[in-house]
Undergrad: 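Sending over a structure as structure tokens; questions will come in a sec.
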Number of protein chains: 2
Amino acid sequence: MDAEPDLFKALGDATRRTILDELTDKDGQTLFEICGRLTMKHGLASSRQAISQHLAVLEQAGLVHTRRQGRYKFHHIDTSPLRSIVERWPIDREEPNP
Amino acid sequence: MDAEPDLFKALGDATRRTILDELTDKDGQTLFEICGRLTMKHGLASSRQAISQHLAVLEQAGLVHTRRQGRYKFHHIDTSPLRSIVERWPIDREEPNP
DNA sequence: GTTATAGGCAAGTCGTCACTTGCCTGTCAA
DNA sequence: TTGACAGGCAAGTGACGACTTGCCTATAAC
């Protein structure tokens with residue numbers, strides 16, 4: 001019914017937010033590719049299982065969609081659920097020079 | 001340095017999100033006023049101390065600013081920290097009729 | 001077929017967080 | 001100044017979540 005709890009839970013973890021950063025940088029990565037990038041670029045020594053569980057949470061929140069192809073599973077980011085946030089609590093428009 | 005962890009932590013709790021809803025509906029409420037509204041409109045039987053701690057988390061995230069006046073403390077919502085979310089992961093524009 | 005690769009499942013551990021409980025401070029009215 | 005009202009502080013508890021560990025399935029290369 002309401003997927004927003006999953007959305008905010010997904011965004012609540014720093015590693016998951018970094019995963020979203022990496023998928024923003026390069027969409028459609030596999031699990032191992034993401035693991036490698038997190039280790040290289042962010043110094044995160046997370047295990048494969050940990051990242052796999054993070055991706056499951058992101059997928060349940062609708063922020064990541066997956067596509068199987070042979071033994072590979074590609075992960076694609078989908079930022080559209082974020083729209084519900086700014087729709088729920090409207091952000092005042094900045095007025096630099098009125 | 002980086003206030004975003006506090007931001008996402010603040011948004012991670014359902015009661016805190018409901019508090020933001022209430023402040024969106026009526027800004028500048030006191031602690032007891034918020035407690036009453038949560039009980040009445042949302043059936044949340046949260047104690048005063050629990051709500052007080054929630055407001056402290058929201059304030060630390062920059063989502064709520066407070067203003068003391070005598071023995072009252074008014075709480076004001078500030079949605080501008082939410083902008084960093086949509087700036088970090090840009091939301092694709094919806095194309096209804098291209 | 002055998003081996004390596006890409007990923008999945010499930011139980012267990014440990015830390016964090018929401019909430020309670022109890023007591024304290026400060027403001028205003030009588 | 002005494003009482004009621006608005007809010008704060010701090011220790012303790014219980015549950016959820018991140019991560020590990022160990023083993024299992026499936027696809028592809030040799």
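We name chains A, B, ... by the order of the sequence lines, and we start the count at 1 in each one.
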Undergrad: With a 4.0 Å heavy-atom cut-off, tell me which residues in residues 7-25 of chain B come close to DNA chain D, sorted by residue number.
TA: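 The stretch gives none, as no residue of it lies under 4.0 Å from the strand.
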
Undergrad: I'd like to check the side-chain hydrogen bond (donor to acceptor under 3.5 Å, both in side chains) partners of B:Arg67; sequence neighbours left out, ordered by chain and number.
TA: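 Result, side-chain hydrogen bond (donor to acceptor under 3.5 Å, both in side chains) vs B:Arg67: B:Gln69, B:His76.
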
Undergrad: Show me the protein contacts with nucleotides 25-29 of chain D, counting only N or O atoms at under 3.5 Å.
TA:
unit_1, atom_1, unit_2, atom_2, d
D:dT27, O3', A:Arg71, N, 3.4

Undergrad: Within residues 31-38 of chain A, find the residues that approach DNA chain C with a heavy atom at under 4.0 Å, and present them sorted by residue number.
TA: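 By residue number: A:Leu31, A:Phe32.
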
Undergrad: Starting at NE2 of A:His75 and ending at P of C:dA6, how long is that distance when rounded to a whole Å?
TA: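 It is 13 Å, rounded to the nearest whole Å.
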
Undergrad: Looking only at the side chain of A:Arg68 (C-beta and beyond, no hydrogens), which of the listed nucleotides C:dG8, D:dG7, C:dT20 gets closest?
TA: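 It is C:dG8.
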
Undergrad: Under the 3.5 angstrom rule, does the side chain of B:Arg83 hit a backbone N or O of A:Asp92 as a donor-acceptor pair?
TA: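 Yes: the side chain of B:Arg83 pairs with the backbone of A:Asp92.
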
Undergrad: Quick one: which protein N/O atoms are closer than 3.5 Å to N/O atoms of nucleotides 21-23 of chain D? Pair and distance per line, please.
TA:
none

Undergrad: Where each residue is assigned the nucleotide of DNA chain D containing its nearest heavy atom, which of A:His54 and B:Thr30 is assigned the position nearer the 5′ end?
TA: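 Taking each residue's closest nucleotide, the earlier one in sequence belongs to B:Thr30.
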
Undergrad: Does B:Leu55 belong to the same Ile/Leu/Val/Met/Phe/Trp/Tyr cluster as B:Leu44, with side-chain heavy atoms less than 4.5 Å apart forming each link?
TA: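 Cluster IDs for B:Leu55 and B:Leu44 match.
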
Undergrad: Do the side chain of A:Asp27 and the main chain of A:Ile77 share a donor and acceptor less than 3.5 angstrom apart?
TA: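 Checked: pair present.
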
Undergrad: Please state how far atom CD in A:Gln29 lies from atom P in C:dG7, giving the value in whole angstrom units.
TA: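 Rounded to the whole Å, the gap is 11 Å.
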
Undergrad: Answer yes if the side chains of B:His42 and B:Glu22 hold a donor-acceptor pair under 3.5 Å, and no otherwise.
TA: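 Per modelled atom types, B:His42 and B:Glu22 side chains form a pair under 3.5 Å.
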
Undergrad: Scan for side chain to side chain donor-acceptor pair (under 3.5 Å) pairs involving residues 47-57 of chain A, sequence neighbours excluded, and state none if there are none.
TA: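 Counting only pairs at least two positions apart or across chains, the side chain to side chain donor-acceptor pair (under 3.5 Å) contacts touching residues 47-57 of chain A are A:Arg16-A:His54.
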
Undergrad: Could you state the CD1-C1' distance from A:Ile51 to D:dC19, rounded to the nearest angstrom?
TA: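 Taking atom C1' of D:dC19 as the reference, CD1 of A:Ile51 is at 10 Å.
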
Undergrad: Between the side chain of B:Thr79 and the main-chain N/O of B:Leu82, is any donor-acceptor distance below 3.5 Å?
TA: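 Not at all, since once roles are kept as given, no pair shorter than 3.5 Å links the two residues.
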
